[in-house]
Amino acid sequence: MRVRILACAIWLHCGLVLGAVAQPQLQVPDPVLKGLPFAVTVEGLAPDSGYVLRVEGRTYALTPENGVLRADSVRVARSGRVPIVLERGGQVVVRAEARALPGWTSVLPPLLAILIALLFRRVVPALFLGIWMGAWLAVDVSLAGLWQGLLDAFDVYVRQALADPDHAAIVLFSLMIGGMVGIISKNGGMQGVVNWMVRWASDPKRGQLATTVLGLLIFFDDYANTLVVGNTMRPVTDRLRISREKLAYIVDSTAAPVACLAFVTTWIGYEVGLVGTAVAQIPGYDESAYSIFLNSIPYSFYPWLAILFVFAVAWTQRDFGPMYRAELRARTTGQVLGPDARIDEAAAEGREFRPPDDKPHRARNALIPILVLFVSVLGGLYATGEGETLREIIGSADSYRALMWGSLLGVLSAAALSIGQRILTLDETMEAWYAGLRSMFFAMIILLLAWALSSITEELRTAQYLSSVLSERLAPGLVPALVFVLAAATAFATGTSWGTMGILLPLVVPLAWHVLAASGLHTETEYHHIIYSTVSAVLAGAVWGDHCSPISDTTILSSMASGCDHIEHVRTQLPYALFVGIVAVLLGTLPTGFGWPWWLSMGLSTAVLLLGLRLLGKKVPGAAEPVAE
C-alpha cells in the first residue's frame with residue numbers, strides 16, 4: 001500500500017513538473033504599437049530550435065537569452081487584439097494576445113500636455129492630464145480604462161516617480177539648496193556681497209557692470225538672483241540715472257542663463273534628473289547624466305551669448321530700440337520710470353528673505369556656505385568616481401550622492417555661521433530654511449509630474465515611434481536647432497522654462513539617439529555631440545522663451561524686484577532677446593549640429609553680436625550729475 005502511494009506521489013510530481021514545462025508562458029508587452037518592432041519572451045521552456053513564434057502569418061525564430069527564449073523585431077500590421085502563437089512542428093503550444101495601438105496615439109500624452117500648457121498657461125494640470133491620457137492608453141481604451149487610468153496616474157506613475165531612489169535624491173538636494181538660499185539671504189550674507197560690490201559703482205557704466213557681475217556671483221538660484229540683485233541694486237541704479245527697464249533687463253538676463261550653466265545650482269538637480277530619465281530610455285548608452293550635462297554646456301549658445309551681450313551693452317553704453325529711449329529718458333530727465341509706469345512696490349520687496357537691519361551684513365556668511373557646497377560636490381564626485389582623467393572620474397561618479405552631501409554640508413555651514421555669530425536664533429534659522437524650502441515646492445511638483453509623464457511615454461514607446469517617423473526624413477544635424485525652436489515656443493507660450501524642460505527633455509533626447517541610429521552613427525562617439533547639443537537646445541530654448549514671455553515667472557519677478565513696469569520690461573528686453581536668440585540658433589546650434597567646432601561657432605556668434613550692437617546701437621548721453629539719494 002505504501003509503495004502504491006509513493007508511486008502515485010512520484011507520478012503526480014513528475015506530471016506537475018512536465019505540465020509546467022509543457023505550458024510555457026509568453027511575455028508580450030502591453031500595449032504594442034502597430035508597425036513598430038517589439039520583443040516577445042518565452043519562459044518555462046528549454047532551448048530548442050523546434051519552437052517558433054507565429055504572428056499574423058509571419059514566423060519568428062526564437063533565440064536563447066539569459067535563460068529564456070526571445071523573438072526580436074516582432075511586428076503587427078493592425079490595431080486591436082492580435083493573436084501571438086507559439087508553435088512546434090506545426091502544432092500550437094500556447095497562445096497569447098497583443099493589444100496593438102496605432103503609433104500616433106503614443107504621441108498624444110505629451111502633445112496633450114503641451115497643448116493644455118499653451119492654452120491655459122498652467123503646467124501642473126497640463127502634465128497631469130498628459131499622465132492620465134497615457135495611463136488610459138496603457139490600461140485599455142474604454143470607459144472603464146478611463147477611470148482606471150485616472151487612478152493609476154496618481155497611484156502608479158506618480159508614486160513610482162517619487163519612490164525612485166535617484167528621484168528622491170534630486171528632490172532632497174533641490175530642497176536643501178533652497179533652504180540654504182533662504183538662510184544666507186536672511187543672515188545678511190547676500191546683502192554683504194551686494195554692499196561689497198556697490199562700492200565700485202560710481203557712474204552709469206560701472207553701475208551696470210557691477211549689477212551684471214553681481215548677477216553672475218549669485219549663480220546658484222535664479223529666484224534668489226532676481227530678488228537679491230533687483231532689490232539691492234535698485235537704489236544704486238536710480239542714483240546713477242539708469243532706467244528701471246535696463247535694471248530689469250540685466251537682472252533677468254543674468255538669472256536663468258547663469259543658473260542653467262553653473263555646475264552647482266538649484267537647476268542642476270532638476271536638469272540632471274530629467275537627463276537621467278531621458279537617457280534611461282536609450283539602450284546601450286551608459287554615459288552618466290551629470291557627464292552629459294557637463295558636455296552640453298559648451299553647446300548652450302543662448303545662455304552664454306545672453307550673458308556676453310549684457311556685458312557688451314553695459315561696457316559700450318550702446319542701446320537700441322525701446323531700451324535706448326528708456327535710457328535716454330533716465331539720463332536726461334532723471335526719470336528712471338516712465339510717466340505711465342505701474343509697479344507694485346510691496347510685492348518687489350521680498351520681505352520674507354530680508355535680513356535684520358540691526359545685525360551685521362557680512363559677505364562671508366554667504367560665500368563660505370557656497371564654497372562649502374561647491375567644494376563638497378566636487379569632492380564627492382572625485383570620491384565616488386573612477387578613472388585616470390578628470391573627465392572619466394566625473395563621468396563615472398555617483399553625482400546624486402555628491403549633490404546630497406554638498407547640499408547638506410552647505411545648509412549646516414550656513415546655519416552654523418548664522419547661529420554662531422548670533423545673527424539669527426535657532427528658530428529664525430529654521431524659519432529661513434523652511435522659507436527657502438517652500439520656494440522650491442512648486443518646482444518639485446512639476447519635476448515629479450514630468451518624471452511620471454516620462455515613464456508613460458517610455459511605456460508607450462513614444463520616442464521610438466517618433467524616430468520611426470522622422471529618422472528617415474530628418475538629418476541628425478537639424479535635430480538640435482529644431483528642438484531649440486520647439487523649446488522656445490513652448491516656454492514662450494507657457495511662461496515656464498522648468499515646465500518646458502520637464503515636457504521635452506525625456507522626449508527629444510531618445511528621439512535624437514534614434515535619428516542617429518537610423519543613420520548608423522549612434523555607435524560613433526564623435527557624433528555624440530548631437531546628444532549634447534540636443535540637451536543644451538532644450539535648456540537654452542526654454543531660457544530664451546522664458547525671457548521673451550510676458551507670463552514668465554522670472555520675467556514677472558525681475559520686473560517686481562527691479563521696481564519696473566512689467567509690460568515695459570518685456571517690451572524693452574524683447575528686441576535684445578530676439579537678436580541674441582537668432583544669432584545663437586543660426587550661427588551656433590545649427591552649424592555645430594553639422595560638425596562645426598563649438599568654439600568656432602561661439603567666436604563667430606560673439607563677433608556678430610558685437611558688430612550688430614555697434615551698428616544698431618547708439619551711445620546714451622551721460623547725465624551731468626547723478627540723482628541725489
Side-chain angles (χ1 to χ4, degrees), residues 204-205 208-209 211-212 215 226 230 237 242-258 301-332 335-338 340-341 484-485 487-489 491-493 495 497 540-552 554-559 562 564-590 604-621:
K205 178 178 178 178
Q208 293 179 46
L209 288 173
T211 306
T212 305
T226 299
T237 56
I242 299 171
S243 68
R244 295 281 181 88
E245 291 90 338
K246 175 60 76 64
L247 174 61
Y249 161 67
I250 296 175
V251 167
D252 205 359
S253 295
T254 55
V258 175
F301 292 101
Y302 178 75
W304 283 117
L305 295 176
I307 295 170
L308 183 144
F309 197 67
V310 173
F311 272 108
V313 168
W315 182 266
T316 63
Q317 292 293 285
R318 288 179 175 272
D319 288 287
F320 58 86
M323 186 69 79
Y324 175 80
R325 293 188 287 273
E327 283 289 272
L328 185 63
R329 180 202 67 227
R331 295 286 203 286
T332 56
Q335 296 177 2
V336 295
L337 282 169
D340 300 322
F484 180 94
V485 173
F492 178 82
S497 52
V543 171
W544 180 87
D546 194 54
H547 274 171
C548 298
S549 175
I551 60 172
S552 160
T554 52
T555 302
I556 294 171
L557 205 59
S558 298
S559 303
S562 304
C564 177
D565 182 285
H566 177 59
I567 299 302
E568 287 302 305
H569 169 44
V570 174
R571 193 173 68 88
T572 53
Q573 177 171 268
L574 188 59
Y576 288 8
L578 284 173
F579 180 41
V580 176
I582 290 171
V583 171
V585 174
L586 296 183
L587 300 181
T589 305
L590 190 60
L604 181 60
S605 300
T606 300
V608 170
L609 284 180
L610 296 178
L611 179 62
L613 181 60
R614 175 79 179 179
L615 296 176
L616 298 174
K618 294 185 290 184
K619 281 211 171 192
V620 181

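Side chains included, hydrogens not; waters and symmetry mates left out as well; all remaining heavy atoms used.
Heavy-atom minimum distance, Ala306 versus Val580: N-CG1, 3.7 Å. Nearest approach of Ser253 to Gln573, heavy atoms of both residues: OG-OE1, 3.7 Å. A pairwise comparison of heavy atoms in Ala314 and Leu209 identifies CB-CD2, 3.7 Å as the closest pair. Ser562 and Ala248 make their closest contact through OG-CA, 3.4 Å (heavy atoms, listed as atom of the first residue, atom of the second, distance). For Gly215 against Val258, the heavy-atom pair with the smallest separation is O-CG2, 4.3 Å. A pairwise comparison of heavy atoms in Trp544 and Ala577 identifies NE1-O, 2.9 Å as the closest pair.
To the nearest 0.5 Å, atom OG1 of residue Thr237 and atom NZ of residue Lys246 are 11.0 Å apart. Within the model, atoms CD of Glu245 and CE of Met323 stand 7.0 Å from one another, a figure rounded to the nearest 0.5 Å. To the nearest 0.5 angstrom, Tyr249 atom OH is 10.0 Å from Thr572 atom OG1. Atom CG of Leu308 and atom OG1 of Thr606 lie 5.0 Å apart (nearest 0.5 Å). Here CZ of Phe309 is found 12.5 Å from OG1 of Thr212. Values are rounded to the nearest 0.5 Å. Of the inter-residue distances, the one linking Phe311 atom CZ with Thr316 atom OG1 reads 13.0 Å to the nearest 0.5 angstrom.
Evaluation of the side chain to side chain donor-acceptor pair (under 3.5 Å) rule for Tyr576 yields Asp319 as partners, not counting sequence neighbours.
A donor-acceptor contact shorter than 3.5 Å links the side chain of Glu327 to the backbone of Ser243. Without hydrogens or angle criteria, Arg318 side chain to Val620 main chain gives no donor-acceptor distance under 3.5 Å. Looking at Arg244, its side chain never comes within 3.5 Å of a backbone N or O of Asp565 through a donor-acceptor pair.
Not less than 6.0 angstrom separates the ring centroid of Phe301 from the ring centroid of Phe484.
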Verdict with supporting geometry, Tyr302 and Val585, side-chain contact (heavy atoms from CB on, under 4.5 Å): CA-CA 8 Å; Tyr302 178 75; Val585 174; over 6 Å; no
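Considering only heavy atoms from C-beta on, Arg331 comes within 4.5 Å of Pro204 through its side chain.
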